[in-house]
Every structure is written in structure tokens, then in C-alpha cells.
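Heads up, the thing below is written out as C-alpha cells.
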Amino acid sequence: MPLAVPSHRREGPDASTSVAVRLADFVLRRPAAVFPVPVLEQARYLLLDTLGIAIAAGPMEAGRIARDTATLLYGSADPLHSARMLFDGRRASMAGAAYATATQIDNLDGHDGYSPTKGHIGVAVVPALAALAEALPDLSGAEALASLVVGYEVAGRAGIALHATVSDYHTSGAWNALGVAALAARLRRLSDEQFREALGIAEYHGPRSQMMREIATPTMLHDGSGIGALIGLSAAVLAERGFTGAPAITVEEPEVADHWQDLGAFWQVLHQYVKPYPICRWAHAAIDATRGLVLAHHLAPSEISLVEVNSFHYAATLFDGMPDTTSKAQYSLRFAVATFIMHGRIGLEHISGSGLEDAAVADMLSRVRVVESERHSVRFPAGRWADVTISTTDGRVLASGDVHARGGPEAPLIPAEIEAKYMEFATPVLGQGRAMAIRDAVLSLADPDSRFSDLSVLLYDPPLVSMILQRPAW
């Protein structure tokens, strides 16, 4: 899809070198054909993984509430500003549809993330792409992927810049709103000036919500990404109609310029992690360290008398007891470790419904101890590290050594693992046929003649009632 060339540019002595101008060149004018092939290929897998979580999260209470609320509060009859909600079919405004799906994904903590941001991008930019594509029937697969990459690259740098310049630890919605605004600016062909205003509006209205409040008391608020998506798309439409809000200080302040210097050279998309478990990433190193010991020594749960976890500060602050809600289960380290020991995996059934009343897991949880290790804390956020020692009933003491969480560039999941994870999450809700069709359409988006509509026709209809009834009412 051709991109508009604006009629005029920002003027001033630094116009040729400023971050704002270079960013506009990257977002608005870089053709999909010049994006590196590995970058677009990775974008396919991030899209597939995020859609899998969106599908699985559909029957959950948080997603149902968000979709119902979008129809009540965020509706639109304008075909250029409305969209169907994913796997629901009802229509809302573009911003409302993106809000609903992002909130839905945000409440099943199995989506991708980027360690330097301490948060998540795909949860907001994938719903935004789907909402915007409703009004773009000729959108090519390559342009859809390039636009998705734009969202990742802008959001990631905005997140790093925010964390570097403020004292509070804010949720992802505070900065992934800028990635959504950038994606929307590209697909809606905003001018340089409109794009700059959109970033400023998105940053100003982005939810500066405190992440550690949610860690202390887990709820459906989760990581603020639903509101981030709502704000990002709203900001683009406001700017398109003449509303002003620039500058975005996480983009244009001199003190953050270094965070934008590698735009278009270093591709953050290639450094996202894909989660093996639907649990907060902070717990993954401990789970993986435990997994390694259990598998290497063929340990049965009855052989384990004590599990001692050393990890970084934030991991040690995760919910400590036996969770009574899915939100608490996803923000728990001890529960996650105990669940893996008992079941050899962590699935949706373990963090919801009867899984929250599993007496065997509760008993194992009582044998798990977690403490902060300064050695691991200083490595955060660049890394998520832990080490685990398991004491056995026959007197052995087994040590894992330092372990980094799987799924990121340090230990990436291979494509077959990502596809298998997607099918595990999507099939029970959609059925194997539709789940496979979506998988194949996503992975074909980089083909020369592909259209995003080949995928989108599969994304909006609700699951068959018979399939939904097979899932627990979370």
C-alpha cells in the first residue's frame, strides 16, 4: 500500500537531524520492501503468538467485560472509524475494539514482552492493527507486518525512555500507547505534523499507572495495555482532525535522544521474548531452573522436600500465597513453581477454575521458599535470572546454577515451539480447523501476493457455541 508524502515538513535549524523528523521518516515513509526479511518474519511469529493468547483469553471474565463495555461506551457508526472486535463480531469504534482485545490479552499473561521496557508491546499493537485493517481491505501482508514492526519499534524505545527519566515504575499502557499511535499514523497516512501531535497526545494521556500497585494486589487492571491501546488510537484520530499535543518528551527531550539513535538499525522486534508459560515473566527463570532440575534428575513430586529459589527483587515481590483468582495466579512465583512440579507444565486449566483449588499444588507450595538475590537483582531489567536448590527426601541437595528465563534472545523458542504454543491455546476455543487456518494465514503474510484480508476474514466471527462450552467459565 503506498504511503502518503506530506506536503510540508517541520522547520527549524535542527529539522534534518532531530529525532522527530527521523522518526517520521521511519514511521511514515519507510517502504515495507526495505524492512529486513528476518524482521518481517519474526513479526509473523509475534502476531501468531499474540493472536493465540487473544483467542484463549476470549472466554475469560475480563475479556467479556471489556467487550461488553466497548459496545456500551466506545461505539461508532462511522465505517472509517469503527471495527469488529476480534473473535466476537460486534462492532465498536476502532479505539474501542482495540481496547477490548488488548484488555482481553492483558488478562492472560502469556503474550510477548521486551526485557529493557519491563513490559509488553504486542498486547496493544496487534489489536490496533486488527482494528485499523477493517477500513483497509487492500492492505498487503507485507505492509501489515511492516506497520506492526513500526509499532513495536516506537513503543519499545518510548518505554525505555520513560523508565530512564521518571522514578515510578509505570505499566506498559503508559508507553505502548505511543507505538499504537505510530502504527495508526502509518496506516491512516498522517502528515509529519499530525504524527508528531499524535505522539504528544498519546504520551500525555497514557496511563501513568503504578505497576507495583498491581503486583501487590493483582486485579483485572493488569498492565494497563487496554487503556494504552484506547489512548493510542484516540490520539491518532484526534491529531488527524487537528487536535494538538506535541511534543512527546519521551521522544523529543535531549536527554532521551540516545534511546532513538539506533532506530532502523537495531531491531527490537528481534529481541522480544515469547513466553513458554502464561505467568508473569518475572517468575519464568525460577520455573525454568526448577524444570531443569526435575527433568535432569527425574524427580517425582513425592521426592521433593524443599525448593529454595533465589531471584531478583521484583520476582521476590510476586504474590506469595495460594491464589484464589486468575489474576493472582498469573502474578505468583511460588504457585507457578509448585504447579510445574505437580503437573510438568503450566496451562490455562492450572491458573483458573479448579486449578486454583488444587490441594496437591497447595501442599507443594508450602515447600517452596523465595528470597531476593542481589546478584540477580543487578542484572534486571536486561535479564531475568534465578537459581534453585531442591532438597530431596533421600537427602540429596540439587543446585541448578544461574538460569535465565527461556523464550528471549538468550534462549529463544524455535518456530515449531511457537506454533505448538499457539495451537495449544487456540484449538480448544476455535477448533482445530479454524486455528490451523489462522496459523497458515499469519505465516503467509510475508508472501508477495498476500493480503491481510486473507487473515482478517478468520479473526472477527465468534467461536462456535459448542466450542465455547468446552472451556471453563473463567
Side-chain angles (χ1 to χ4, degrees), residues 109 112-120 156 159-160 162-170 172 210-216 218 223 259 268 271-277 279-297 299 304-321 330-341 346 364-392 395-413:
D109 208 342
D112 65 38
Y114 185 42
S115 292
T117 67
K118 300 186 285 187
H120 310 274
I160 294 169
L162 180 63
H163 290 312
T165 53
V166 299
S167 57
D168 258 356
Y169 174 7
H170 293 109
S172 297
Q210 294 84 18
M211 187 72 245
M212 295 312 296
R213 170 196 155 184
E214 179 66 7
I215 296 299
D223 201 25
H259 300 302
Q268 296 185 355
H271 297 265
Q272 307 294 309
Y273 58 75
V274 174
K275 289 185 173 184
Y277 321 106
I279 296 289
C280 176
R281 176 73 167 175
W282 296 350
H284 281 217
I287 302 168
D288 283 335
T290 303
R291 173 179 178 269
L293 288 175
V294 168
L295 295 179
H297 298 278
L299 295 175
I304 296 173
S305 61
L306 179 65
V307 181
E308 297 174 280
V309 177
N310 300 302
S311 196
F312 54 95
H313 170 74
Y314 288 115
T317 66
L318 289 170
F319 185 77
D320 193 48
Q330 293 176 93
Y331 277 143
S332 171
L333 190 154
R334 292 175 66 220
F335 173 76
V337 167
T339 297
F340 184 87
I341 290 172
I346 304 174
M364 180 58 66
L365 186 149
S366 70
R367 291 177 254 166
V368 179
R369 305 284 185 271
V370 180
V371 297
E372 176 186 352
S373 167
E374 179 65 20
R375 178 174 84 259
H376 299 320
S377 291
V378 298
R379 294 164 157 177
F380 182 85
R384 270 73 164 159
W385 292 86
D387 69 274
V388 169
T389 300
I390 293 180
S391 300
T392 65
R396 288 175 293 164
V397 178
L398 309 172
S400 68
D402 289 0
V403 173
H404 192 279
R406 293 183 299 140
E410 306 84 1
L413 301 185

(message) Rounded at 0.5 Å granularity, tell me how far CE in Met211 sits from OH in Tyr314.
(response) 10.5 Å
(request) With sequence neighbours excluded, tell me which residues meet ring-ring contact (aromatic ring centres under 6.0 Å, His included) with Phe340. (result) none
(request) Kindly give the heavy-atom pair with the smallest separation between Glu308 and Ser391, and that separation in Å. (result) OE1-OG, 4.4 Å
(request) Find out whether Arg396 and Ile390 are in side-chain contact, i.e. whether some heavy atom of one side chain is under 4.5 Å from a heavy atom of the other. (result) no
(request) Would you name the heavy atoms of Ala316 and Val370 that are closest together and state the gap between them? (result) CA-CG1, 4.0 Å
(message) Check whether Lys118 reaches the backbone of Pro381 with its side chain - one donor and one acceptor, N or O, closer than 3.5 Å.
(response) no
(message) Below 30° counts as parallel, above 60° as perpendicular, anything between as tilted: where do the rings of His404 and Trp385 land?
(response) perpendicular
(request) Decide yes or no for Val403 and Val388: does some side-chain heavy atom of the first lie under 4.5 Å from some side-chain heavy atom of the second? (result) no
(message) Working to the nearest 0.5 angstrom, can you tell me the gap between Glu372 CD and Phe312 CZ?
(response) 10.0 Å
(message) For Ala336 versus Ser332, what's the shortest heavy-atom pair and its separation?
(response) CB-O, 3.5 Å
(request) Report the distance from atom CG of Leu333 to atom CD1 of Ile279, rounding to the nearest 0.5 Å. (result) 9.5 Å
(message) I'd like to know whether Asp223 forms a side-chain contact (heavy atoms from CB on, under 4.5 Å) with Glu214, so could you lay out the CA-CA distance, the side-chain angles of the two residues, the decisive distance to 0.1 Å, and finally the verdict.
(response) CA-CA 8 Å; Asp223 201 25; Glu214 179 66 7; over 6 Å; no
(message) If I take atom OG from residue Ser373 and atom CZ from residue Arg379, how far apart are they, to the nearest 0.5 angstrom?
(response) 8.0 Å
(message) So Ile215 and Leu318, do their side chains get closer than 4.5 Å, heavy atoms only?
(response) yes
(request) Mind running side-chain contact (heavy atoms from CB on, under 4.5 Å) on His259 and Thr165 for me, showing each step along the way? (result) CA-CA 11 Å; His259 300 302; Thr165 53; 5.9 Å; no
(request) Please report the shortest heavy-atom distance between His163 and Thr117, naming the atom on each side. (result) NE2-O, 2.6 Å
(request) For His271, check ring-ring contact (aromatic ring centres under 6.0 Å, His included) against everything at least two apart and list the hits. (result) Phe266
(message) I want to check something: taking the side chain as every heavy atom from C-beta on, are Thr392 and His297 in contact at a cut-off of under 4.5 Å?
(response) no
(message) Are Glu410 and Tyr273 packed together at the side-chain level, in the sense that at least one heavy-atom pair is separated by less than 4.5 angstrom?
(response) no
(message) As a test of understanding, state which of Val307, Leu365, Thr339 forms a side chain to side chain contact (heavy atoms under 4.5 Å, CB included) with Arg334.
(response) Leu365
(request) State, to 0.1 Å, how close Arg369 and Leu306 come at their nearest heavy-atom pair, and which atoms those are. (result) CG-CD1, 3.7 Å
(request) Compare all side-chain heavy atoms of Gln330 with those of Pro218 and state whether any distance is below 4.5 angstrom. (result) no
(request) Heavy atoms only: give me the nearest Asp112-His120 pair and the separation to one decimal. (result) O-ND1, 2.8 Å
(request) With sequence neighbours left out, write down each residue that passes ring-ring contact (aromatic ring centres under 6.0 Å, His included) with Tyr114, or none if nothing qualifies. (result) none
(message) Less than 4.5 Å apart, side chain to side chain, heavy atoms only: is that true for Arg384 and Arg281?
(response) yes
(message) Under 6.0 Å between ring centres: does that hold for His313 and Phe380?
(response) no
(message) For Tyr277 and Arg406, which I'm curious about, is there any donor-acceptor pair between the side chains at under 3.5 Å?
(response) yes
(message) Within the structure provided, determine whether Leu299 and Leu398 are in side-chain contact (heavy-atom separation under 4.5 Å).
(response) yes
(request) Mind checking the CD1-CD1 spacing from Ile304 to Ile341? Nearest 0.5 Å is all I need. (result) 4.0 Å
